[in-house]
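Below: one structure, written as structure tokens.
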Amino acid sequence: MTAAEVRSVTLSWQPAGPMRPDLSGLDQLRGWRDGSIVMPPIGQALGVRFGEIEPGRVQFEMPLQEYMTNHWGVVLGGMLAVGLDTALGCAVMAAIPADRDMATLDLKVEFLRTVHYRDRSVLLDAECTHLGHNRVLAAARLTTPGGHLCALGTANALIRPKQTQPRDPGGERNA
């Protein structure tokens with residue numbers, strides 16, 4: 001392999017602050033979209049570009065990168081699952097009251113067709129299908145820009161009071 005054949009990727013991101021207790025998840029998402037609030041590191045690393053954001057529903061585009069692929073140029077299912085998990089969590093955020101937060105309890109992904117790097121991006125559309133007092137269900141579709149349905153995702157999340165203490169992602173962890 002020559003030096004010209006070697007590729008590399010560098011991930012850079014801004015540290016995101018805690019969820020603001022004065023904002024609903026819907027307003028937080030809109031702030032991420034318009035750039036007035038720093039998006040979490042995963043959204044920055046994935047290159048998420050939000051489209052529609054409505055109560056209980058979000059749409060965004062996720063660009064595909066060559067490092068996400070196997071030797072056939074097919075995007076790994078785990079990379080697509082990260083996109084689906086992100087979309088589902090955002091849909092839940094867009095549905096719950098300002099004083100609440102969420103934690104994903106489970107994630108199910110059904111792959112229907114392969115996604116190729118040549119597609120350049122995927123589109124994710126997620127919505128809440130049931131909003132209870134303590135639990136919420138959400139569903140998402142992952143399609144190519146040409147409209148081919150490639151994967152479906154569902155998630156079940158716990159709704160809990162919003163945490164008031166900021167998290168320290170680089171700090172000590174409790175054992």
Side-chain angles (χ1 to χ4, degrees), residues 7 9 11 13 16 19 24-33 39-97 100-160 162-163 167 169:
R7 293 175 174 86
V9 63
L11 290 177
W13 64 88
M19 290 290 288
S24 67
L26 188 62
D27 289 334
Q28 186 94 19
L29 288 161
R30 289 176 175 155
W32 295 345
R33 179 180 61 194
M39 190 182 301
I42 190 63
Q44 294 176 55
L46 292 175
V48 167
R49 294 185 295 262
F50 282 99
E52 291 183 34
I53 300 173
E54 303 168 0
R57 183 170 174 264
V58 298
Q59 290 180 323
F60 65 77
E61 181 178 16
M62 183 177 87
L64 301 175
Q65 304 296 328
E66 188 177 11
Y67 69 83
M68 297 175 170
T69 66
N70 64 17
H71 56 287
W72 292 309
V74 172
V75 178
L76 297 173
M79 298 303 297
L80 300 175
V82 170
L84 284 162
D85 186 37
T86 302
L88 291 160
C90 288
V92 172
M93 281 179 56
I96 60 178
R100 309 299 278 174
D101 198 357
M102 57 82 65
T104 301
L105 296 172
D106 63 32
L107 171 68
K108 180 180 179 185
V109 177
E110 294 184 58
F111 298 106
L112 306 173
R113 67 185 298 153
T114 57
V115 174
H116 292 270
Y117 171 62
R118 69 177 175 259
D119 291 319
R120 300 291 182 218
S121 67
V122 290
L123 307 173
L124 294 111
D125 188 348
E127 67 179 331
C128 287
T129 56
H130 171 76
L131 179 60
H133 180 70
N134 293 316
R135 302 271 295 263
V136 62
L137 302 175
R141 297 168 48 91
L142 183 146
T143 60
T144 64
H148 297 287
L149 179 62
C150 299
L152 298 170
T154 57
N156 182 18
L158 175 69
I159 305 303
R160 61 187 184 185
K162 192 178 279 184
Q163 297 182 7
R167 62 181 181 84

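Note that the numbering runs from 1 along the sequence shown for the chain.
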Measure across Val92 and Ala138 and return the closest heavy-atom pair with its distance rounded to 0.1 Å. CG2-CB, 4.1 Å

For the residue pair Ala155 and Thr104, what are the closest heavy atoms and their distance? CB-CG2, 4.5 Å

Distance col, row Ser121:OG vs Gln65:CD, nearest 0.5 angstrom, shows 10.5 Å

Given the rule in the side chain to side chain contact (heavy atoms under 4.5 Å, CB included) test, do Ile159 and Met102 qualify, once you have shown the distances and angles that lead to the verdict? CA-CA 5 Å; Ile159 305 303; Met102 57 82 65; 4.2 Å; yes

How far does CD1 of Ile96 sit from CG of Asp101, to the nearest 0.5 angstrom? 6.0 Å

Straight-line distance of Leu158 CG to Arg135 CZ, nearest 0.5 Å: 7.5 Å

Between Ala95 and Leu131, what is the shortest heavy-atom contact and its length? O-CD2, 3.5 Å

Are Val109 and Leu80 packed together at the side-chain level, in the sense that at least one heavy-atom pair is separated by less than 4.5 angstrom? no

Nearest non-hydrogen partners of Ala91 and Val58, listed with the distance: N-CG2, 3.9 Å

In terms of heavy-atom contacts, Ala94 and Leu26 come closest through CB-CD1, 3.9 Å

Say whether, by atom type as modelled, one donor and one acceptor occur between the side chain of Asp106 and the main chain of Asn156 under 3.5 angstrom. yes

Rounded to the nearest 0.5 Å, what separation is found between the CG atom of Leu142 and the OG1 atom of Thr144? 9.0 Å

Working to the nearest 0.5 Å, report the span between NE2 of His148 and OG1 of Thr143. 10.0 Å

Within-4.5 Å side-chain heavy-atom neighbours: Pro40 and Trp13: no

Considering non-hydrogen atoms only, spot the tightest contact between Arg100 and Lys162 and give its length. O-CE, 3.6 Å

Geometric cation-pi criterion Arg113 and Phe111, 6.0 Å radius, 45° cone: no

Please report, to 0.1 Å, the donor-acceptor pairs under 3.5 Å made by any side chain of residues 41-53, with sequence neighbours excluded.
residue, atom, partner, partner atom, Å
Gln44, OE1, Gln14, N, 2.8
Gln44, NE2, Gln14, O, 3.0
Gln44, NE2, Met39, O, 2.4
Arg49, NH2, Glu61, OE1, 3.3
Arg49, NH2, Glu61, OE2, 3.4
Glu52, OE1, Arg57, NH1, 3.0

So how far is it from Leu124 CG to Met62 CE, rounded to the nearest 0.5 Å? 6.5 Å

